[in-house]
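The basis for the numbers below is simple: all heavy atoms, side chains too, and nothing from hydrogens, waters or symmetry mates. The model shown is predicted, which means the values in this text are computed figures rather than measured ones.
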2 protein chains.
Amino acid sequence: MLTERQLLILQVIIDDFIESAHPVGSRAIAKKEVIPYSAATIRNEMADLEDMGFLEKTHSSSGRIPSEKGYRYYVDHLISPSILQKEGNVIKHMIQDGFFEFEQIVQMSAEVLSELTNYTSIILGPEIFETKLKQIQIIPLSANTAVAILVTNTGHVEHRSFSIPEEINSSDLEKMVNILNDQLHGVPILQLAEKFNAEIDAMMQKYVSDLDKSYQHLKGAFLQDHPVKLYIGGKSNMLMQPEFNDVNKIRAFYTMIENEEEIVNLLKQSNDGIKVSIGRENDVDAIKDLSLITAAYHLGEGQMGTIALLGPTRMEYRKVISLLSILSHEMTDVLYMRYKDEN
Amino acid sequence: MLTERQLLILQVIIDDFIESAHPVGSRAIAKKEVIPYSAATIRNEMADLEDMGFLEKTHSSSGRIPSEKGYRYYVDHLISPSILQKEGNVIKHMIQDGFFEFEQIVQMSAEVLSELTNYTSIILGPEIFETKLKQIQIIPLSANTAVAILVTNTGHVEHRSFSIPEEINSSDLEKMVNILNDQLHGVPILQLAEKFNAEIDAMMQKYVSDLDKSYQHLKGAFLQDHPVKLYIGGKSNMLMQPEFNDVNKIRAFYTMIENEEEIVNLLKQSNDGIKVSIGRENDVDAIKDLSLITAAYHLGEGQMGTIALLGPTRMEYRKVISLLSILSHEMTDVLYMRYKDEN
DNA sequence: TGTTAGCACTCATTCCTTTCGAGTGCTAAT
DNA sequence: ATTAGCACTCGAAAGGAATGAGTGCTAACA
């Protein structure tokens with residue numbers, strides 16, 4: 001339904017606006033090398049594109065800016081993945097050089113990503129729910145406190161301090177740890193509560209006598225919320241974007257970005273592949289004039305987490321999509337290589 | 001050298017400005033109940049206070065604002081600690097209710113502090129250098145990766161993944177862990193490197209054969225940098241302060257606050273008690289128009305960490321100083337109660 | 001019939017001027 | 001020593017005028 005010429009003009013306008021952040025006028029377009037038409041012709045086409053909803057004016061005699069529909073069309077039809085040799089190498093080296101824990105990689109990725117793009121990067125995960133318990137340790141600290149340490153097959157370590165009653169003797173504690181290790185090895189974190197209620201509660205009664213209170217404490221330590229880890233990089237990059245030249249916008253952005261819960265919800269809904277949400281396409285009102293690009297990374301079948309970039313709707317979609325694609329594949333690879341022989 | 005009346009006027013002006021953020025004029029002062037003088041008299045006194053450097057004008061016919069010297073005098077001589085029954089209780093409950101790990105307490109404290117004050121709170125620590133190793137675990141994850149877990153006497157858990165060569169056999173690994181536990185129990189984290197070089201290297205040679213590579217890996221895992229933990233709460237509170245109505249100031253602030261290294265240096269220099277740095281009194285240029293109040297908290301003799309509040313020079317010094325005092329004492333207490341029977 | 005030149009018109013932005021009012025400093029009176 | 005009074009200063013807000021980038025439309029052209 002769009003002519004070749006309209007496609008070309010739309011693309012050039014959006015490319016120009018993404019770079020300059022200024023409304024694009026007909027004369028500027030006509031001057032481009034790829035455009036063999038006069039400003040007047042461009043004006044006519046622009047008027048048509050506006051009628052069709054791909055462009056907007058900021059006021060009656062201004063140049064045009066892309067509408068959300070325009071960006072959507074641009075993302076869906078007008079961009080081909082860009083080749084990012086240099087950036088790709090940066091990411092690969094970061095992930096493959098040295099031996100970093102996965103959480104370190106995630107954190108570094110968030111930083112690199114925001115540096116390469118000048119937008120705000122958000123990385124969610126790794127989702128511990130999919131991972132399985134590997135080993136449990138309980139280490140007494142003092143007469144009435146101890147720390148429980150859980151290690152998962154992905155090398156993730158969680159610990160919880162808990163208080164132990166004075167009366168308990170150390171052999172009882174040891175027996176409990178043994179039972180836990182026997183029973184919980186290989187159990188997905190998500191199913192811990194279930195497993196406790198179905199089997200372990202009863203077992204504990206059978207093998208270990210008179211430890212009601214300390215067992216409750218221990219169980220409590222295991223079933224506490226497992227917080228979702230959230231890494232955000234380049235928050236202040238947004239301040240450099242010309243659309244954030246207004247104190248109120250900045251306030252709104254920072255109020256949003258520091259609300260972890262909201263961010264987690266925002267990212268969690270993303271499924272496979274790369275998803276682009278432009279402006280009001282986002283459910284969350286606070287980012288209704290920003291765009292969010294998300295990509296999932298995996299370990300085997302189960303989804304592990306989400307990588308995202310948040311920027312103005314005037315975003316370098318081409319570059320961002322390519323970068324996220326590279327990074328999510330690298331992260332999936334490194335996870336696979338590292339934990340393929342898990343048990 | 002200041003008359004009683006000048007003291008009174010200075011105090012009223014600063015109090016007023018702290019509340020309103022607007023330059024204070026003579027008429028407004030004269031209207032206050034505690035002031036039995038006319039505006040003209042106040043004007044004369046204000047001129048004198050300005051000559052002495054306690055007050056400033058923003059322009060030739062504006063009201064007065066406090067100078068840094070004025071704030072300094074105010075902090076040193078004009079404020080008595082305020083009674084914060086309600087806020088004090090909030091803090092006490094937070095710290096004493098439930099059983100939280102110390103790091104959780106620190107994080108919660110940062111949040112509560114920024115909520116109670118509407119400034120930005122920064123908490124440094126707990127300094128792990130002062131703490132001692134309690135136990136070491138090494139847990140194999142796959143054929144060639146393992147995770148080393150260090151637990152300190154304060155319940156702090158650190159973990160590092162490292163790769164192990166395929167050739168190693170598990171009994172060798174076990175021997176190594178035993179040696180490490182024997183040798184390192186009770187050793188301050190700070191002295192780990194020393195201890196390794198002085199004794200453990202040699203021991204390993206004696207007891208365990210042919211494990212050069214994996215031992216190097218393991219040692220590397222132990223001697224990696226122990227990052228200083230930094231908790232910052234209420235970054236966006238600053239945006240609500242009227243002095244941050246300018247995009248450039250916001251940029252400068254966020255650029256500074258997200259530079260962890262600089263922040264750590266800023267706080268580390270603080271010694272005992274509560275220290276107030278007003279505006280240019282701060283060494284760091286980036287906060288030359290902010291004030292920083294720091295308080296140390298302790299475990300026994302050794303300093304553990306620092307609590308700080310960062311706000312505009314027009315800060316509620318009275319309240320902030322009282323809050324920091326309460327919180328640092330509570331944190332010191334809880335540390336003492338919890339780890340007094342360490343070994 | 002598609003393209004382009006030309007021109008009147010629109011509107012944000014910038015700069016200047018005016019007005020307003022809060023506040024000062026100084027002088028003279030109490 | 002204190003205060004009333006008054007001229008003066010200066011920032012902030014409000015109102016024009018000038019500028020210029022950009023449009024829509026019409027009429028001419030290939």
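- Side-chain atoms of A:Ser322 and A:Ser325 include no donor-acceptor pair closer than 3.5 Å.
- Atoms OH (A:Tyr37) and P (C:dT1) sit 18 Å apart, rounded to a whole Å.
- For A:Arg5 and C:dG2, the shortest distance from a side-chain N or O to OP1 or OP2 is not below 4.0 Å.
- For the pair B:Glu258 and A:Lys235, the salt-bridge criterion is not met [side-chain N within less than 4.0 Å of a carboxylate O].
- Residues meeting the side-chain contact (heavy atoms from CB on, under 4.5 Å) test with B:Asn259, sequence neighbours left out: B:Glu261, B:Glu262.
- For the 3.5 Å distance criterion, the side chains of B:Ser67 and B:Glu56 fail to qualify, holding no donor opposite an acceptor.
- Listed by residue number, there are no residues of residues 20-35 of chain B with a heavy-atom contact under 4.0 Å to DNA chain D.
- Taking CE of B:Met94 as the start and OG of B:Ser109 as the end, the distance is 3.5 Å to the nearest 0.5 Å.
- With a cut-off of 3.5 Å on both pairing distances, the Watson-Crick and G-U wobble pairs of DNA chain D assemble into stems of 3 or more at C:1-30 with D:1-30.
- In this structure, B:Ile65 atom CD1 and D:dG11 atom C1' are separated by 14 Å, rounded to whole Å.
- At distances below 3.5 Å, not a single donor-acceptor pair connects side-chain atoms of A:Gln6 with backbone N or O atoms of A:Met46.
- A donor and an acceptor atom, one from each side chain of B:Ser291 and B:Tyr317, are located under 3.5 Å apart.
- Within the structure, ring pair (Phe, Tyr, Trp, His ring centres under 6.0 Å) contacts touching residues 6-45 of chain B (residues at least two apart or in different chains) do not occur.
- The side-chain heavy atoms of B:Ile14 and B:Phe54, taken from C-beta on, include no pair separated by under 4.5 Å.
- Using a 4.0 Å cutoff on non-hydrogen atoms, the parts of residues 42-64 of chain A near DNA chain D are A:Arg43, A:Met46, A:Lys57, A:Ser61, A:Ser62, A:Gly63, A:Arg64, ordered by number.
- Among residue pairs with one or both ends in residues 25-34 of chain A, those qualifying as side-chain hydrogen bond (donor to acceptor under 3.5 Å, both in side chains) are A:Asp16-A:Lys32, A:Ser26-A:Arg43; sequence neighbours excluded.
- The heavy-atom pair separating A:Arg314 from A:Tyr71 by the smallest distance is CA-OH, 3.3 Å.
- For B:Thr41, a side-chain nitrogen or oxygen approaches OP1 or OP2 of D:dT3 to under 4.0 Å.
- Taking atom CD1 of A:Ile9 as the reference point, atom C1' of D:dT23 lies 15 Å away to the nearest angstrom.
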